[in-house]
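Letters go in sequence order (proteins before strands), and every chain restarts at 1.
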There are 2 protein chains.
Amino acid sequence: MFPKLDPILHSELRLAVISLLAGVESADFTYIKQQTGATAGNLSVQIDKLSAAGYITVEKGFKGKMPCTTCSLTPEGLEAFRNYIDALKEYISH
Amino acid sequence: MFPKLDPILHSELRLAVISLLAGVESADFTYIKQQTGATAGNLSVQIDKLSAAGYITVEKGFKGKMPCTTCSLTPEGLEAFRNYIDALKEYISH
DNA sequence: ATAAACAAGTTTATATTATAAACCAAATTT
DNA sequence: AAATTTGGTTTATAATATAAACTTGTTTAT
């Protein structure tokens with residue numbers, strides 16, 4: 001009746017990150033931080049978890065001389081996001 | 001951009017309880033436990049939190065000789081549920 | 001009548017999670 | 001060259017979720 005909600009996605013900040021990434025090719029740390037309003041520490045941790053789950057890829061490079069961490073959604077991440085939305089609907093739409 | 005998700009409702013079990021109660025006049029502990037598949041201990045704690053938040057009312061009585069705890073959604077609970085759904089949509093529908 | 005098993009929860013202990021504070025290295029500004 | 005800013009990471013703490021253990025009373029079996 002109530003399907004299990006993927007605990008990786010059932011987190012306000014991680015969900016926001018995935019939601020953001022679902023709409024774009026990729027996004028860098030600073031942009032995600034700004035868009036979500038998260039603190040850097042929290043975002044760093046949550047990005048690690050999403051990455052460890054295989055839901056996003058993280059590439060570390062430089063923009064000019066400044067370090068720049070770029071994230072993008074993996075196909076598994078997108079599928080997990082869709083599954084999560086479907087599961088949620090069981091909770092919110094009856 | 002990403003609205004805050006009410007932490008009282010952003011919990012798998014509490015959300016299931018509210019979702020269940022949103023569809024009925026009232027429901028008792030045992031029924032909620034069975035429908036959600038929760039353990040009694042977990043359900044007891046989460047019902048307390050929902051009650052403390054004013055989202056549900058809890059009435060303790062007897063069904064025959066057996067104790068029976070009956071829960072129902074308050075108007076505030078229903079409104080919080082609706083707000084939560086609206087907030088969620090900002091995360092899942094773009 | 002008494003012991004064993006069951007029902008309906010509650011309390012408490014533990015594991016997990018979320019979050020911010022403190023920190024670090026390099027770059028930029030003054 | 002000192003101070004500040006950028007772009008993060010690590011670590012410590014607070015909050016949450018969850019199950020295990022317990023309680024109170026009831027029903028069933030002996």
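Taking B/A22 as the reference, B/L73, B/F81 meet the side chain to side chain contact (heavy atoms under 4.5 Å, CB included) condition, with sequence neighbours excluded. A/K60 is linked by a side chain to side chain contact (heavy atoms under 4.5 Å, CB included) to A/V58, A/T69, counting only residues two or more places apart in sequence or in another chain. Residues meeting the side chain to side chain contact (heavy atoms under 4.5 Å, CB included) test with A/T57, sequence neighbours left out: A/S72, A/T74.
Taking atom CD on B/Q34 and atom C1' on C/dA8, their separation rounds to 14 Å, with Å as the unit. Per the geometry, CG belonging to B/D48 stands 12 Å off P belonging to C/dT12, to the nearest Å. One can place CZ of B/F62 at 17 Å from P of C/dA7, the figure rounded to the nearest angstrom. Between B/L43 atom CG and D/dA19 atom C1' the separation is 13 Å, expressed in whole Å. Between the NZ atom of B/K4 and the P atom of C/dA18 there is a distance of 12 Å, rounded to whole Å. We find that OH of B/Y31 is positioned 15 Å from P of C/dG9, with the value rounded to whole Å. Between A/K60 atom NZ and C/dA26 atom C1' the separation is 14 Å, expressed in whole Å. Rounding to whole angstrom units, CD1 of residue B/I47 and C1' of C/dG9 are separated by 10 Å.
Identified under the salt bridge (charged side-chain N to carboxylate O under 4.0 Å, His left out) test for residues 27-51 of chain B, with sequence neighbours left out: B/D28-B/K63. Among residues at least two apart or in separate chains, side-chain hydrogen bond (donor to acceptor under 3.5 Å, both in side chains) pairs with a member in residues 14-25 of chain B are B/R14-B/Q46. Sorted by first and then second residue, the salt bridge (charged side-chain N to carboxylate O under 4.0 Å, His left out) pairs involving residues 85-94 of chain A (not counting sequence neighbours) form an empty list. Every pair tested for salt bridge (charged side-chain N to carboxylate O under 4.0 Å, His left out) that includes a residue from residues 69-79 of chain A fails, sequence neighbours excluded, so the list is empty.
One N or O on the side chain of A/T36 and one on the backbone of A/I32 form a donor-acceptor pair closer than 3.5 Å.
Taking the six-membered ring where the residue is Trp, B/H10 and A/H10 present parallel rings, their angle staying beneath 30° rather than reaching 60°.
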Item to complete: With side-chain contact (heavy atoms from CB on, under 4.5 Å) as the test, would you mind laying out the steps for A/L13 and A/V45 before giving the verdict?
Response: CA-CA 10 Å; A/L13 181 49; A/V45 170; over 6 Å; no

Worksheet entry | Test side-chain contact (heavy atoms from CB on, under 4.5 Å) applied to A/C71 and A/V17, step by step | CA-CA 9 Å; A/C71 304; A/V17 170; 5.9 Å; no

Practice prompt. Could you walk me through whether B/Y84 and B/I18 pass the side-chain contact (heavy atoms from CB on, under 4.5 Å) test, one step at a time?
Written response: CA-CA 11 Å; B/Y84 176 76; B/I18 292 292; over 6 Å; no

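In this model, the phosphate group of C/dT19 is not approached by any side-chain N or O of A/T39 to a distance below 4.0 Å at OP1 or OP2.
In the region residues 51-58 of chain A, proximity to DNA chain C at under 4.0 angstrom, judged on heavy atoms, holds for none of the residues.
Of all non-hydrogen atoms in B/F29 and B/A40, the two that sit nearest each other are CZ-O, 3.5 Å.
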Sub-3.5 Å pairs of nitrogen or oxygen atoms, protein against nucleotides 14-16 of chain D:
none

Anything under 3.5 Å between a protein N or O and an N or O of nucleotides 3-7 of chain D, put it in a table, one pair a line.
residue	atom	partner	partner atom	Å
D/dG7	O3'	A/P67	O	3.4

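Paired runs in DNA chain C that reach 3 or more consecutive Watson-Crick or G-U pairs, where each pair keeps both distances under 3.5 Å, cover C:1-30 with D:1-30.
When each of D/dT9, C/dT19, D/dT18 is scored by its nearest atom to the side-chain atoms of A/Q46, the top-ranked nucleotide is C/dT19. Nearest to the side-chain atoms of A/V45 among the listed nucleotides D/dT9, C/dG9, C/dA20 stands C/dA20.
At a threshold of 4.0 angstrom between heavy atoms, the contacts of B/K63 with the nucleic acid are absent.
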Just list the side-chain donor-acceptor pairs under 3.5 Å for residues 1-9 of chain A, sequence neighbours left out, or say none.
residue	atom	partner	partner atom	Å
A/K4	NZ	B/E12	OE1	3.4
A/D6	OD1	A/I8	N	2.9
A/D6	OD2	A/Y55	OH	2.6

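Looking at which nucleotide of DNA chain C each of A/K65 and B/A40 is closest to, the 5′-most match is held by B/A40.
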